[in-house]
Amino acid sequence: MSTGAGTCCLDCRLETGGCGYKEPTTCTDPKKMACPSAAPKDTNQDDLKLWPRDDRRRILHAVYRVGDIEKTMKWMQDCLGMQILRKRDVPEEKYMNVFMGYGAEDNHFAAELTYNYGVSKYDIGTAFGHFGISTPNVQKSLDNMKKLGYKAPAGPTKDGNNVFAYVDDPDGYKFKFIQRSKSTREPFCQVSYRVADVDRSILFYQDAYGMKLIARRDFPAQKKTMAYVAYDLDETRGTVVEFEYNYGKTDYSKGTGYAQLAIGTEDVFKTAGACELGGGKTVRAPGPLPQIGTKIYGVNDPDGWKTVWVDNSDFAKELEPSAFVHEVHCTTANQRQHS
Ligand SMILES: C[C@@H](O)C(=O)SC[C@H](NC(=O)CC[C@H](N)C(=O)O)C(=O)NCC(=O)O
Ligand SMILES: [Zn+2]
């Protein structure tokens with residue numbers, strides 16, 4: 001497994017600062033052999049190169065931090081027509097999550113809202129673009145917001161066949177209403193990142209993450225290039241990652257709000273090896289989440305956008321009704337804010 005400057009396997013490098021072995025299978029470091037998160041012994045570079053396309057992957061949710069989880073939930077229900085899918089409180093780690101979306105998480109993309117106890121404000125930064133929401137009628141979506149007393153533009157922007165409008169959620173995250181026919185299977189259809197090199201991003205998401213390029217479009221008049229990658233080439237069926245490259249602009253601020261994209265995988269350890277091979281920077285070693293137990297692996301892309309890979313079978317267990325220890329009342333978390 002290519003490890004860039006270092007020449008050791010992923011686990012040893014993370015645990016010991018480097019054992020000097022090039023391949024997990026040849027690593028005889030006692031720490032490595034005992035390491036529970038060792039990549040499968042039969043892993044080799046060719047296998048890792050093919051893994052991103054052989055794996056069973058789906059974009060699960062986008063994770064971002066909010067200052068008032070009840071206010072955001074209500075905004076998403078009122079303005080986007082989303083529903084509350086599940087809640088989980090992790091008091092030992094002083095945070096709670098609420099999952100919002102348009103359908104069950106076993107086959108729909110979701111927003112994973114993160115409320116850190118006592119934190120009411122985040123810097124959205126300039127690198128995050130928007131979340132895309134498809135709607136059959138943008139004007140009606142805007143009129144609905146205004147009728148409910150929310151701030152919204154008077155009307156959509158029309159650019160050729162494209163009809164769209166941007167609105168801000170309570171924390172300042174941008175949501176883009178995108179006019180599409182009713183047949184769109186996944187209304188929560190886009191996450192948009194600003195990037196410093198669009199072709200570098202395309203290649204990385206293809207090679208390291210196994211995504212497919214849906215489109216790459218230049219807009220010289222607007223001095224920008226847009227690109228779209230996903231696991232499904234039909235962009236109305238699943239969630240798409242959009243890259244926005246503004247000519248010559250490379251210095252964006254990430255802020256503290258947006259956290260990561262969660263993608264399902266059959267094997268977080270093998271995926272860790274494949275991401276490293278593709279040039280990803282590991283930021284969270286593969287292994288179980290504290291308190292929750294779901295195996296995850298965290299990695300940054302060349303622009304520093306984080307992806308958390310989530311074990312598919314552990315994720316399915318998270319969705320089982322029995323996993324809902326108790327219905328969390330959001331006021332509880334907000335009350336903690338004042339404790
Ligand atoms: C499976 C994946 O999508 C998760 O839900 S991981 C949950 C975990 N969330 C937090 O730790 C939230 C609190 C934290 N203080 C924050 O603000 O992010 C998470 O995101 N883990 C990722 C990791 O790298 O540990
Ligand atoms: Zn998650």
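Remember, it's 1-based here, ligands and their atoms both numbered in the order they're listed.
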Looking at Ala262, which atoms of ligand 1 are within less than 4.0 Å of one of its heavy atoms? 3 (O)
I'd like to know whether ligand 1 has Leu289 as a neighbour, heavy-atom separation below 4.0 Å. yes
Non-neighbouring partners of Arg180 that pass side-chain contact (heavy atoms from CB on, under 4.5 Å), sequence neighbours left out: Ser134, Ile178, Thr184, Cys189, Glu235, Thr236
Using heavy-atom distances, let me know which of Trp309, Tyr64, Tyr95 sits nearest atom 10 (C) of ligand 1. Tyr95
Just distances here: any N/O of Asn116 and N/O of ligand 1 closer than 3.5 Å? yes
Quick one: which ligand 1 atoms are inside 4.0 Å of a heavy atom on Val310? 1 (C)
Contact check: Glu112 vs ligand 1, nitrogen or oxygen atoms, below 3.5 angstrom: yes
Applying a strict under-4.5 Å side-chain criterion to I, L, V, M, F, W and Y, I'd like to know whether Phe188 and Ile214 cluster together. no
Ligand 1 to Gln260 polar contact by distance, N or O atoms, under 3.5 Å: yes
Give the minimum heavy-atom separation between Gly67 and Asp171, together with the two atoms involved. N-OD1, 3.0 Å
In this structure, which one of Glu105, Glu112, Glu320 forms a salt bridge (charged side-chain N to carboxylate O under 4.0 Å, His left out) with Arg86? Glu105
If you round to the nearest 0.5 Å, how far is NZ of Lys281 from CD of Glu276? 9.5 Å
Decide whether the shortest distance between a heavy atom of Gly298 and an atom of ligand 1 is less than 4.0 Å. no
Test item: Lys94 and Asn116 side chains (from C-beta on) under 4.5 Å apart, heavy atoms: no
Could you establish whether Arg88 and ligand 1 come within less than 4.0 Å of each other, counting only heavy atoms on the residue side? yes
Same cluster or not: are Tyr166 and Phe243 linked, directly or through other Ile, Leu, Val, Met, Phe, Trp or Tyr residues, by side-chain heavy atoms under 4.5 angstrom apart? no
Note: heavy atom closest to atom 16 (C) of ligand 1, options His61, Lys306, Arg65, belongs to Arg65
